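Presented below is the structure to which this report refers.
Worth knowing before you read on, the calculation uses all heavy atoms, side chains too, and leaves out hydrogens, waters and symmetry mates. Source: prediction; values computed, not measured.
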Amino acid sequence: GLERVLLYWFIMAGQLSAIGFVLAAKAFTRFKALDDRPFAEYVLIGTLLSACLALTAAGLIRSVLG
């Protein structure tokens, strides 16, 4: 939800370095829970999928808006 919105907004604003901040903040909040390997894989796959969706949506909209 919020992660995708932030990533989309940062991409549209041209603040690509802020994407790392969002991803680092998510990892920091789940640091202890990432000791559980299946949960860590679930979080990693979910984060990557979410980031790909935000990047794709922002890329498509930027190309349409020109």
Inset, instruction - Say whether Leu16 and Leu55 are linked into one hydrophobic cluster, either directly or through other cluster members, by side-chain heavy-atom distances under 4.5 angstrom. - result: yes
Inset, instruction - State the CG-CZ distance between Leu6 and Phe21, to the nearest 0.5 angstrom. - result: 9.5 Å
Legend entry - Least distance between heavy atoms, Leu7 atom then Ala51 atom: CD1-CA, 3.7 Å
Inset, instruction - Could you go through the side chain to side chain contact (heavy atoms under 4.5 Å, CB included) check for Tyr8 and Ile61 one step at a time? - result: CA-CA 10 Å; Tyr8 171 81; Ile61 291 173; 3.3 Å; yes
Inset, instruction - With rounding to the nearest 0.5 Å, note down the distance linking CG in Leu49 to CZ in Arg4. - result: 7.5 Å
Inset, instruction - Say whether, by atom type as modelled, one donor and one acceptor occur between the side chain of Ser50 and the main chain of Gly46 under 3.5 angstrom. - result: no
Legend entry - Value rounded to 0.5 Å, distance of CD1 in Ile11 from CD1 in Ile19: 4.0 Å
Legend entry - Distance in Å, Lys26 NZ paired with Glu3 CD, rounded so as to fall on 0.5 Å steps: 4.0 Å
Legend entry - Greater than 12 external heavy atoms within 6.0 Å of Phe39's CZ: yes
Legend entry - Interatomic spacing from CG in Leu53 to CG in Leu48 - rounded to 0.5 Å: 11.0 Å
Inset, instruction - In sequence, state the C-alpha distance, the side-chain angles, and the governing distance for Phe10 and Val22, and then conclude on side chain to side chain contact (heavy atoms under 4.5 Å, CB included). - result: CA-CA 10 Å; Phe10 288 141; Val22 172; 3.4 Å; yes
